[in-house]
Visitor: 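Got a structure for you, questions after.
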Amino acid sequence: MNIDVEFHIRHNYPWARLPASVKQGLGNSQREYERQVVLYSIRNQLRYRNNLVKHVKKDERKYYEDLLKYSRDHLMLYPYHLSDIMVKGLRVTPFSYYTGIMEDIMNSEKSYDSLPNFTAADCLRLLGIGRNQYIDLMNQCRSSKICTTSEKSAIDKIIDSGPQLAGSLDFNVVHSLYNKGFIYLDVPISDDSCIAVPPLEGFVMNRVQGDYFETLLYKIFVSIDEHTNVAELANVLEIDLSLVKNAVSMYCRLGFAHKKGQVINLDNLHPSWKNVPSVNRLKSTLDPQKMLLSWDSGENRSPVQEAGSSATDTDTNSQDDPAETASVSSLNLSSGHTKRIAFLFDSTLTAFLMMGNLSPNLKSHAVTMFEVGKLSDESLDSFLVELEKVQSTGEGEAQRYFDHALTLRNTILFLRHNKDLGAQAVQPDQPNNGFPLDLLRCESLLGLDPATCSRVLNKNYTLLVSMAPLTNEIRPISSCTPQHIGPAIPEVSSVWFKLYIYHITGQGPPSLLLSKGTRLRKLPDIFQGYDRLLITSWGHDPGVVPTSNVLTMLNDALTHSAVLIQGHGMHGMGETMHIPFPFDEAEQQGDFSRLNMGNHTALKILRNKVDLQHFCGYVTMLNPSSWHASRKLSNASDGRGEAELASGSDVNGSTESFEMVIEETSMDSAVRQNLEVPTTELEWVPLELCFGIPLFSSELNQKVCRKIATHGLCRKESLQKLLHSSRKLSLQVLNFVHSFQEGISPLDQLHDAGSSSSLLQPISADLGVPLPAKNLVFKDGVLSEWNGWAPSAVFFNHT
């Protein structure tokens, strides 16, 4: 449906008031407009009264019947906001509605996976039908419609006195009447209600339907916080208040959220409710004051360990003393709402946490991080307890999951309520208790439109920090305010930035960037002598493959994507070392050595060309000629052999990209054990530069975190210089990329989803990272155009 038509329907414009351009788009047909009005109203489950559909469709009952049929046919959530019509008028309860849906999909022989996520969750809540009970339980029906004396009394009370609080009636009577369809339940939400979202339980991860309400639910999920009431949230999102109330009511109904600060007087409840078990929720077993300890205390135990060994042995679903399980949010850290630090992660991290089966309740938090898109500070106590239970060692692929979980825990402890960071706060009146921390999923933020994303981030956060590296399959969040320690613009997290680094330093591995549609008859001469190549297909993560069977995979990938080919190792995989920055003074002195890699000529040039002192991250150095890495490959903790490395599929099983490079601490450990192996500066070249806090290596993570604290990257003056450096770097990289895109129409470029408030509007806000227009080669320190035979030099001004 046309956006302009939707706008005028939403604002109740009759045909006579429509602009001429909109009428023309409808073929000047009033009948077509009325058809669109009815279709829009049904799809969005609008109430008949007070909406334009009332003047178009005269039969109110027929309208609601059509609405219900459309919702049922499309497996949408029950329209709880129309319960007074659906139950009292049409006599359709949620139970009968979902029973009908189950009958429909069974008669159509559809799988349980055909149910959208929120619909499946409501079916599970109401019918008790999960994946295993799907066929068996559908034969069970409501047994009787006969009311007992106590049920009749409850009905009389509701008729005489109006709606009643469920807790004021007998628990068993309420459930019996509800299951028989004689009553319906409302979850009222007021304008000043504040909502808390604990770790998800009972959420069903099937598929995404994409209907209006589900889309709204996911948008509000990532935007909601315990300090913003419903009216303020609607204003920030610029969404109608009634729609936000409907969504929040649905969260509470499904048990995914609860009203914050709501005190229930047990004396006002019917006695039958006092022994009803409450819904299990993950709870913290930490003393909140322990979370305020300074992070930088290497000889001390972690805050989780300091809380006592019982913290790691306690079932988090057990009913503990509330006084002992209060969260940090209960502390009076500051008056009013305190802005937070946001740690930005991508779906790769949630996949590691879910696949690893690392601890009993960790999956619940991982599902929350993925589906809600946020794990708030109030939930981090219980999350840290679960991370504390993760083993430090694993076998094969599981070691990657363990490493990421343990390093994520250290990162949270560093950023959250860190007094060292708090003392350097942007706001001078901020108490020296540090900042609370939220974990945000980039993909969920990118689901918001750029203006809304900017408002949400500005309202709640004082600083954004990205994990490193972010997967190439998403656009990083770009933001001026709050300031961002991470990739400044999407191009900085792309293949282009690699070439930019090689171009300005004059050093790097032999690299060939091929545009989409190119075909290779043979492997180019610059890769002769290499046993392993690093391959990056556009928009995917890189992978190392043997040269023996790479040509077929390359030509297949080039049919649908641009591809970067780089020499990686001459004797198996090349040896890599990760050099953290910002650099200390001591790291910039002395001669080059394996212990003093920061004095490499390329890194010196890089420090002069790019401001690394106000960013954090790491530079990966590569030694393609090393025998050392190939000898240690079989002992690497990822446990995968050469055959699997050459399989040509990414971590998701897709054949569109090559096997993702596994960054393992074992390689760094092997390097430490062989520091006596002689090496020269000429053997090493820069491979890539990543901004943010790395999670794949515990040692590298700790070094970067310490540098953030010691170099004062969170000080106001440092963040101001960071903003200036980000703008400068963005302009330089964009000019570098544009020099290869002359004469290319924007329609020929790759379009991605929009990002948050861009540093350089509108240069990169509307367009994705552009595809290469020319084949480019980096060889012998020179970046030039490649035509398949002899490279012709191209000059670029990069000052």
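Computed from heavy atoms alone, side chains included, the values below leave out hydrogens, waters and symmetry copies. The structure displayed is predicted, hence computed values, not measured ones.
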Visitor: Hey, are the side chains of Leu353 and Phe383 touching, using non-hydrogen atoms and a 4.5 Å cut-off?
Guide: yes

Visitor: Given side-chain hydrogen bond (donor to acceptor under 3.5 Å, both in side chains), test Ser111 with Asp113 step by step and report yes or no.
Guide: CA-CA 5 Å; Ser111 70; Asp113 291 340; 4.6 Å; no

Visitor: Checking side-chain hydrogen bond (donor to acceptor under 3.5 Å, both in side chains) between Arg416 and each of Asp438, Asp381, Thr411, which is the one that passes?
Guide: Asp381

Visitor: Are Asp73 and Tyr70 side-chain neighbours, meaning at least one heavy-atom pair lies under 4.5 Å?
Guide: no

Visitor: Begin with the C-alpha distance, continue with both residues' side-chain angles, and end with the deciding distance and a verdict on side-chain hydrogen bond (donor to acceptor under 3.5 Å, both in side chains) for His365 and Ser382.
Guide: CA-CA 9 Å; His365 291 90; Ser382 59; 3.1 Å; yes

Visitor: Taking the six-membered ring for Trp and the single ring otherwise, decide whether the centroids of Phe221 and Tyr251 are under 6.0 Å apart.
Guide: yes

Visitor: How close do Leu408 and Leu349 get, heavy atom to heavy atom, and via which atoms?
Guide: CD2-CD2, 4.0 Å

Visitor: With sequence neighbours left out, what residues match Asn12 under side-chain hydrogen bond (donor to acceptor under 3.5 Å, both in side chains)?
Guide: none

Visitor: Is there a side-chain contact between Asp186 and Arg253, using heavy atoms and a 4.5 Å cut-off?
Guide: yes

Visitor: May I ask you to test the Leu254-Asp122 pair for a side-chain heavy-atom distance under 4.5 Å?
Guide: yes

Visitor: Ser376: which residues meet the side-chain hydrogen bond (donor to acceptor under 3.5 Å, both in side chains) condition with it, sequence neighbours left out?
Guide: Glu378

Visitor: Return the minimal non-hydrogen interatomic distance between Thr119 and Leu75, and the atom names on each side.
Guide: OG1-O, 2.8 Å

Visitor: Between Ile129 and Met102, which heavy-atom pair has the shortest distance, and what is it?
Guide: CG2-CE, 3.9 Å

Visitor: Would you say the rings of Phe203 and Phe118 are close, in the sense that their centroids are separated by under 6.0 Å?
Guide: yes

Visitor: Would a 4.5 Å heavy-atom cut-off, applied to side chains only, mark Arg441 and Phe345 as touching?
Guide: yes

Visitor: I'd like to know if the side chain of Tyr63 and the backbone of Arg47 have a donor-acceptor N/O pair within less than 3.5 Å.
Guide: no

Visitor: His175 vs Phe171 aromatic rings, parallel, tilted or perpendicular, using cut-offs 30° and 60°?
Guide: tilted

Visitor: Given Glu65 and Lys62, is the salt bridge (charged side-chain N to carboxylate O under 4.0 Å, His left out) satisfied, shown in steps?
Guide: CA-CA 5 Å; Glu65 288 174 348; Lys62 180 66 166 59; 5.8 Å; no

Visitor: So, are Lys152 and Asp156 salt-bridged, with charged N and O less than 4.0 Å apart?
Guide: no

Visitor: Shortest non-hydrogen contact from Ser444 to Gly373?
Guide: OG-CA, 3.2 Å

Visitor: Are the charged groups of Arg340 and Asp377 less than 4.0 angstrom apart, N to O?
Guide: no

Visitor: Just by modelled atom types, is the Thr93 backbone N or O under 3.5 Å from a matching donor or acceptor in the Ser96 side chain?
Guide: yes

Visitor: In terms of side-chain geometry, is the basic nitrogen of Arg10 or Asp240 positioned less than 4.0 Å from the acidic oxygen of its partner?
Guide: no

Visitor: When you measure from the side chain of Trp273 to the backbone of Leu169, do you find a donor-acceptor pair of N or O atoms at a distance under 3.5 Å?
Guide: yes

Visitor: With side chains defined as the heavy atoms from C-beta onward, is the minimum distance between Lys219 and Val456 less than 4.5 Å?
Guide: no

Visitor: With heavy-atom distances below 4.5 Å as the criterion, would you say the side chains of Leu115 and Tyr112 are in contact?
Guide: yes

Visitor: Are Tyr212 and Arg43 side-chain neighbours, meaning at least one heavy-atom pair lies under 4.5 Å?
Guide: no

Visitor: Can you check whether Leu68's main-chain N or O pairs, donor with acceptor, with Tyr97's side chain at less than 3.5 Å?
Guide: no

Visitor: Counting only N and O atoms by type, is there a donor-acceptor contact under 3.5 Å from the side chain of Lys58 to the main-chain atoms of His55?
Guide: yes

